Number of protein chains: 2
Amino acid sequence: MHVAARRRGPFASVKITDVATEAGVAPMTVSRVLNTPERVSETTAARVREAIEKLGYVPNMIAGGLSSRRSRMIAAIVPTIASPMFSEPVQSFTDAMHRAGYHVLLGLSGYTPGTEDGLIRAVLTRRPDGLLLTGAAHSPEVKRLLRDAGVPVVEIWDASDTPTDMLVGFDHAEIGAKVADFFLARGHRRFAVLTAGDPRARLRRRGFIDRIEARGGVLVAERILPAPSGIRDGRTALQAIADQIPPRTALFCGSDLVAFGAVTQARALGIAVPETLAVCGFGDFELAQASEPPITSVGVDGTAMGRQAAENLLARLAGGSAPRRILIPAGIRERATT
Amino acid sequence: MHVAARRRGPFASVKITDVATEAGVAPMTVSRVLNTPERVSETTAARVREAIEKLGYVPNMIAGGLSSRRSRMIAAIVPTIASPMFSEPVQSFTDAMHRAGYHVLLGLSGYTPGTEDGLIRAVLTRRPDGLLLTGAAHSPEVKRLLRDAGVPVVEIWDASDTPTDMLVGFDHAEIGAKVADFFLARGHRRFAVLTAGDPRARLRRRGFIDRIEARGGVLVAERILPAPSGIRDGRTALQAIADQIPPRTALFCGSDLVAFGAVTQARALGIAVPETLAVCGFGDFELAQASEPPITSVGVDGTAMGRQAAENLLARLAGGSAPRRILIPAGIRERATT
DNA sequence: TTGTATGCGTTATCAT
DNA sequence: ATGATAACGCATACAA
């Protein structure tokens, strides 16, 4: 037979019709037992479930998705999950989506411009019911593509005035300025920045530097680090700017890992923290909270961000609406390094 | 029309037939241009690409998957990505899969027994072409389900003699014993363990304790921590066992985060490291390498593990074969805490 | 509450 | 190198 000759895929293809036959009902009834059990009488449902069990039926959502035009998949695209900055929101987002019966397609775009574009294109091919993206800066073509697709999109970690669709984030430049104000209020006049070169880190840096210069402060040292940057990058960079630090400098780091590295290296060099070097990190990771000395940091609740993004998306998927722009609180947690 | 009345899904459904019409070819030719361009003459291919561009066609892999019975998706199921233990392999695995044209479905199973089962079942519903699982301990039903599915499976982070299909990992009990030997060789007689309660951490603990007792060592303190455990858990636990530490104890920690917490707290309490308290962590995360003092740890290359898992899977997906069991090297990196 | 008819958008297969 | 045809396995829409 033609059909039988077809390549035997995996999944010893028990299909919905087999279950239906076994249970003595129509395929549609089996489908209902699976998707809308409340519309099936308990007795037939039981019979169907028995047949499913007996045959070891595993529904095929690919077929279901083609028919219903809903994939029940969400694509989540972040630069990396090697940093808590993104692993936290992805973790909470995925958890929330699982609870709602969705699966998450993980896309890692790296920090090379252009990769994200390709990834978004590729992922749209799978017809996700929704998208989680990092940042609101996408190429015009992709923005158009997303609109055409008509798929709900949440952008996180950013605060554009013109999100593609929905946004859950905060203003990085504002945070930078806030940190500057924090230092200025404590009498600092000399400043330094260690930050990665990614767009959002650059925004924080910009906000920080602008505010400092507006208030007559002096930027005595600066280093742009690779993204994602880590503890070692912080140590190396601090080593490189050590000479500029005395008599007293306030340092803003692009992430808590960098801040931890800077503090560690400063102490190794005999630079007093916070007396000679005051340090503020970013992210408020466990490392900042639980290391010694605990590090002052900008608290951004990545877990909450992921959860909120999921909520928004789910609201829209349920046919409802969700806020276009949610700014999540981000404040300075003062600790022993300032 | 019936068809037109159907719920308008997203994706202003330009389909392959539209492209075909526009280009004046059969749909199958468009499909070939997309999937096997080498089988199409360059001139028609160019015409087709032009049509695709003009119409903004985005292929539908759901339909393609149904027809070809290959989803070009791999499911990766790990307990969490909040720990570098799993985020590293997932990162490298996903990167490798992306490069090969596959997408990764991320499943987070947590540490509650039973969750993984449900997740595997759910994910099989999407007909992944392959699976990455954490550990080789699955319920008999799931193992059967996986075999029936006929899908290639790689299990990581474990060294069962009877992997479901393929395995890339190492023997945790052996590592525990290795750490014990390491300490014993340095004259230690008093030992302590701080480890999470997950199955693999328990294996390491078991191997450690058994070896110690076999060699006449004494376990003076032990704490089981929540999984995944962090820096704070390490600090708290060390605080709790501080009295048992003098005059000299060797501590094995279930993860570098815990080890870092323990070292931090020990120093805060004035316990000399490594003189009074020798510490060995697990995972060899950047934190162990770059903190002060650098922490002795068991090095496991999570990135390599993920990459190797991807390689195996890809080999099988390409119709080839791959080793059933790959043990990756895991050795002690001696640093300043021992 | 249950069943019937039909289409979802693509690719395998065979034919030319 | 290209085309015609027939599935792929399910859910929508409607009827009973």
Side-chain angles (χ1 to χ4, degrees), chain A residues 1-21 23-48 52 55 57-72 124-127 129, chain B residues 1-21 23-48 52 55 57-72 124-127 129:
Chain A
M1 290 290 304
H2 203 108
V3 175
R6 193 164 177 142
R7 180 175 72 65
R8 289 232 356 110
F11 296 95
S13 40
V14 175
K15 44 191 119 176
I16 203 168
T17 51
D18 301 325
V19 175
T21 306
V25 298
M28 197 50 226
T29 300
V30 178
S31 174
R32 288 197 185 96
V33 170
L34 260 21
N35 302 313
T36 52
E38 67 280 8
R39 293 188 188 177
V40 181
S41 81
E42 193 36 58
T43 51
T44 56
R47 207 146 32 92
V48 168
I52 289 176
L55 301 180
Y57 171 62
V58 178
N60 184 332
M61 288 194 78
I62 299 231
L66 179 58
S67 180
S68 67
R69 290 159 159 276
R70 296 183 317 136
S71 62
R72 295 199 155 283
L124 283 178
T125 251
R126 314 223 107 117
R127 299 298 188 266
D129 292 339
Chain B
M1 289 292 301
H2 201 110
V3 174
R6 191 164 179 144
R7 180 174 71 66
R8 290 230 358 107
F11 295 93
S13 40
V14 175
K15 46 191 120 176
I16 203 169
T17 52
D18 301 326
V19 175
T21 306
V25 298
M28 199 51 226
T29 299
V30 178
S31 175
R32 288 198 185 95
V33 170
L34 260 20
N35 303 311
T36 53
E38 68 279 9
R39 294 188 188 177
V40 181
S41 81
E42 193 36 60
T43 51
T44 56
R47 209 150 26 95
V48 168
I52 287 175
L55 301 180
Y57 171 61
V58 178
N60 183 332
M61 287 193 80
I62 299 232
L66 178 60
S67 179
S68 69
R69 291 160 157 272
R70 297 183 317 135
S71 61
R72 295 199 156 283
L124 283 179
T125 255
R126 315 220 105 117
R127 298 301 187 264
D129 292 340

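Values below: all heavy atoms of this structure, side chains included; hydrogens, waters and symmetry mates excluded. In this text the structure is predicted, and so the values were computed from the model without any measurement. Labels below follow one simple rule: chain letters A, B, ... track the order of the sequence lines, proteins then strands, and each chain is numbered from 1.
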Asks: Could you state the CD1-C1' distance from B/Ile16 to C/dT10, rounded to the nearest angstrom?
Replies: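 Going from CD1 in B/Ile16 over to C1' in C/dT10 covers 6 Å.
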
Asks: Has B/Ser31 got a side-chain N or O lying under 4.0 Å from the OP1 or OP2 atom of C/dT10?
Replies: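 No, outside the criterion.
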
Asks: Calculate the interatomic distance between B/Ile62 atom CD1 and C/dC8 atom C1'; express it in whole Å.
Replies: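 Whole-Å distance recorded here is 10 Å.
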
Asks: Whole angstroms only, please: what is the CG-P distance between B/Asn60 and C/dG7?
Replies: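 Result: 18 Å.
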
Asks: Does a side-chain heavy-atom distance below 4.5 Å link B/Leu34 with B/Ile52?
Replies: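 Yes, their side chains come closer than 4.5 Å.
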
Asks: Working to the nearest 0.5 Å, report the span between OG1 of A/Thr17 and OH of A/Tyr57.
Replies: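 A/Thr17 atom OG1 to A/Tyr57 atom OH measures 8.5 Å (nearest 0.5 Å).
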
Asks: What residue pairs, at least two apart or across chains, pass salt bridge (charged side-chain N to carboxylate O under 4.0 Å, His left out) with a residue in residues 35-45 of chain B?
Replies: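 Matches after skipping sequence neighbours: B/Glu42-B/Arg49.
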
Asks: So do B/Lys15 and B/Asn60 actually touch side chain to side chain, heavy atoms under 4.5 Å?
Replies: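 No, too far: nothing below the 4.5 Å cut-off.
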
Asks: What is the distance from CG of A/Leu66 to P of C/dT11, rounded to the nearest Å?
Replies: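 It is 12 Å, rounded to the nearest whole Å.
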
Asks: At less than 3.5 Å, do the side-chain atoms of B/Ser67 and the base atoms of C/dT10 form a donor-acceptor pair?
Replies: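 Indeed, a donor on one side and an acceptor on the other fall under 3.5 Å apart.
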
Asks: Expressed as a whole number of angstroms, how long is the span from B/Asn35:CG to D/dT2:C1'?
Replies: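 Rounded to the whole Å, the gap is 16 Å.
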
Asks: Rounded to whole angstroms, how far apart are CD1 on A/Ile52 and C1' on D/dC10?
Replies: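 The distance from CD1 of A/Ile52 to C1' of D/dC10 comes to 13 Å, rounded to the nearest Å.
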
Asks: Using a 3.5 Å distance criterion without hydrogens, assess whether the side chain of B/Arg127 forms a donor-acceptor pair with backbone atoms of B/Leu124.
Replies: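 Side chain of B/Arg127 to backbone of B/Leu124: a pair is present.
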
Asks: Tell me the interatomic distance from B/Arg70, atom CZ, to C/dT11, atom C1', rounded to whole angstroms.
Replies: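 In whole Å, C/dT11 C1' and B/Arg70 CZ are 10 Å from each other.
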
Asks: What's the closest nucleotide to the side chain of B/Met28 if the choices are D/dG3, C/dG3, D/dC8?
Replies: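 The answer is D/dG3.
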
Asks: For C/dT10, take OP1 and OP2 only and decide whether either is under 4.0 Å from a side-chain N or O of B/Thr17.
Replies: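 No.
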
Asks: Does B/Arg32 make a side-chain donor-acceptor contact with the base of D/dG3, cut-off 3.5 Å?
Replies: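 Present.
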
Asks: Rounded to the nearest Å, what distance is computed from the CZ atom of residue A/Arg69 to the C1' atom of nucleotide D/dG9?
Replies: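 After rounding, the reported distance stands at 16 Å.
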
Asks: Nearest heavy atom decides the nucleotide; on that basis, is B/Ala63 or B/Ser41 closer to the 5' end of DNA chain D?
Replies: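 Its nucleotide being nearer the 5' end, the pick is B/Ser41.
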
Asks: Looking for any heavy atom pair under 4.0 Å, which part of the strands does A/Pro27 touch: base, sugar-phosphate only, or nothing?
Replies: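 Here A/Pro27 touches no strand at all.
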
